[in-house]
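Counting starts at 1 for both ligands and their atoms, in listed order.
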Amino acid sequence: MRNPAYDILFQPMQIGPLTAKNRFYQVPHCNGGGYRDPTAVAAMRGIKAEGGWGVIFTEQTEMHHTSEITPFIEQRLWDDADIPALRRMSEAMKTRGALAGIQLAYSGINGPNLYTKEVPLAPTALPIRTFTNDPVQARALDKTDIRDLRRWFVNAAKRSKLAGFDLICLYGAHGFGIFQHFLSRATNQRTDEYGGSLENRSRFVNEVIADMRDAVGDTMGITLRVSLDEHIGTLGFSNAELRDFIEMNADLPDLWDLAHGTWEDCSGPSRFKDEAAQETLVTGIRELSSKPVVGVGRFTSPDVMARLVRQGVLDFIGCARPSIADPFLPKKIEEGRIEDIRECIGCNICITGDMTMSISRCTQNPTFMEEWRKGWHPEKMNPKGESSNVLVVGSGPAGLEAARALSLRGYDVALAEAGTALGGRVARERLLPGLSAWGRVVDYRQYQLSQRANVETYFDSRLSAADVLEFGFENICLATGSHWRADGVARQHVTAVSADPAMPVYTPDDIMAGKRPTGEVVLFDDDHYYMGGVIAELLAKEGCKVTLITPCAYVSDWTRNTLEQGAIHRRLVDAGVTIRLNTGLASVAAEGVETVDVYTDARARLGCDAVVMVTSRVSDNALYRDLMARRDDWADAGIRSVKVIGDAAAPAPIAWATYAGHRYARELDMPDIGDALPFRREVTALA
Ligand code: ADP
Ligand code: SF4
């Protein structure tokens, strides 16, 4: 069973009038579903309860209609009508003895109120600070507004209690909650008793917590989520000032919830931030107060968790992403199943669900947000159907996840891989700068497969249609992946770019295979996710003089959704890469390229020794096409089904591939649902 070194993580701990059963604390996290998908979110939180978390929180909950963050989809507690959906969530959280928490947010200077059309209110009249620079400003709260806002917090607290929650987290971190807006001199430039000195800037949070204690404090715990450091120079709420604040207000909340300055800082991807990246900012804070402290740091190692509690740095291990990648993390530690932990890879794909207002995915846990929509459980598969075996061709993320999940269902699985290692694209990409943690996609599955008697892996096995027809498997799952194209086709060009064959052209596959340009390199990025930036960084560090051109206004544009675009741009500048935005590729000549300004069509020559095309990929689906062409031979070969999945069906990020593999495994031998919707959804009832 459990390693005694981890016992400390299972000691109960008090939060105000309540006791958490252990130290595993799921801090609030978005999921892209929010108020639009209440039952899907409730079921997701319920899975965390099953997985053993001691404290489970909602995502941020807009506590009054005068402050909302449309288009982002979080929770709402605007009036009593929102209580039933939230009660469904608290009930799911409490099924196994976890404390259920709600995070109340008044977004102040972050709330553009695009939906409610109310005038935003903030400590000081300034432009609204959002990802989208909405052209809206806030009005400064006057004394009457502050009294109203205090009452709205009390109303929200009472409603939270009616909705069944045990804990309330007041949001004042990541730049997102009104408490931080009052605490920081950047957003609080008042000259009355709410501004100026730290004592004055602390007045509002003191008043709100006192009001709330009177209203619900006998039965509910009140926690405060504050920024560890805004990192914006002397005007901001710094780590030193935070320590002064906590010393001055030592008994203010029932628990200090400490999170980094901006969301980008706090949820730093593994490319830029290690596990426990906030340790120095948080160390020593616990001694300033008698109240427990929770902190985050993409914790996946129980050794690191136990050390932080043992050393008195933290009382609770706060997790958002690690709890998404593996909702059963506490249970696996408790049962001594450390090897079974599905570690977060720090890719921030989960966050893109929120940023794109879709619904979240997780690269490691394809069941995330599908617990209710599809009835998928992260640890249990549906029973086996009527056939008995599957040949999975290709061991990239799609094939690996299909093989893992199929074997759990009870199928005999043969996994054939053309190469000599498992992992497909991940085996190659994990060697690129900053992407080593992504290898966990392979490591987790490789270990799981090694524990299953019903999976056989075959290397050096590039299969042809004739091979597949000869083998006699009932089901064929083709996960043969894709390769990068060299002809420049993507978004700017839908047909091949005119290119002089005298100019050497490389693709990311060439670079990953060890081929290298030298001298001056033009990298054309019309893919816009991480690959262009990663290859530019690699080549620049190896001594090439790299110019990255992209038709977009941002380098690695889509990574704005993974919260790393700023860090990528900074890193490329540091590495000496020249960045040319809003610049397309017109043609490739023998001595260089011709560029084109996307707005003016102005052309320019840019000399170089080599070109790297990071544009788009082509599916490696020849085997699939050959098998489809020989459909008439299937019956004799004993084949019941042939399906193509993952990048071989249509190239996409790794998370799409693990999802495709999981879905294949779930749906094999399932009844045909015809034209029906393949997932459940909630449709708003008409008023
Ligand atoms: P995905 O992201 O969809 O999982 P990858 O490109 O990561 O796809 O992985 C595809 C894997 O399939 C690669 O490791 C490749 O070597 C393997 N593969 C491709 N074609 C064949 C084939 N005909 N037989 C066996 N393995 C193949
Ligand atoms: Fe971690 Fe990536 Fe999953 Fe998010 S999507 S929880 S960062 S593995």
Strictly below 4.0 Å, N to O, side chains only: are [X] and [Y] in salt-bridge contact?
X	Y	value
D633	R630	yes
R307	E279	yes
R485	D509	no

Query raised in the report: Nearest 0.5 Å, what's the CZ-CG distance between R23 and L308?
Result: 12.5 Å
Query raised in the report: Roughly how far, to the nearest 0.5 Å, is CG of L9 from CD of E334?
Result: 10.5 Å
What atoms of ligand 1 come within less than 4.0 Å of a heavy atom belonging to [X]?
X	value
L623	23 (N)
A416	25 (C), 26 (N)
A657	2 (O)
P397	1 (P), 2 (O), 4 (O), 7 (O)
S395	11 (C), 12 (O)
S461	24 (N), 25 (C)
V393	22 (C), 24 (N), 25 (C), 26 (N)
A479	10 (C), 11 (C), 12 (O)

Report summary line: Residue set satisfying side chain to side chain donor-acceptor pair (under 3.5 Å) with E50, at least two apart, ordered chain then number -> H377
Among [options], which one has a heavy atom closest to [atom]?
atom	options	result
atom 18 (N) of ligand 1	D620, D467, T480, D647	T480
atom 6 (O) of ligand 1	G481, A427, A465	G481
atom 17 (C) of ligand 1	R428, R425, E429, E417	E417

**Report entry** Identified side-chain contact (heavy atoms from CB on, under 4.5 Å) partner of C30 from the options E74, Q75, M355
**Finding:** E74
Query raised in the report: Testing R321, E343, K332 for side-chain contact (heavy atoms from CB on, under 4.5 Å) with D326, which one passes?
Result: K332
Requested in this report: Check the surroundings of atom CZ in R570: do more than 12 heavy atoms from other residues, nucleotides or ligands lie under 6.0 Å from it?
Outcome: no
Requested in this report: State whether the number of non-hydrogen atoms from other residues, nucleotides or ligands found under 6.0 Å of K643 atom NZ is greater than 12.
Outcome: no
For [atom], what's the nearest protein heavy atom and its distance?
atom	answer
atom 4 (O) of ligand 1	A398 N, 2.8 Å
atom 12 (O) of ligand 1	G394 CA, 3.1 Å
atom 24 (N) of ligand 1	L463 N, 3.0 Å
atom 27 (C) of ligand 1	A418 CB, 3.7 Å

Requested in this report: Quick one: closest heavy-atom pair of E401 and P366, and the distance?
Outcome: OE2-CG, 3.8 Å
Query - Where E429 and W438 come nearest, the two heavy atoms and their spacing - result: OE1-CZ3, 4.2 Å
Query raised in the report: For Y659, is the NZ or CZ atom of R361 found under 6.0 angstrom from the centre of its six-membered ring and inside 45 degrees of the ring axis?
Result: yes
**Report entry** 2.8 Å cut-off (strict), protein N, O or S atoms about atom 4 (Fe) of ligand 2
**Finding:** 1
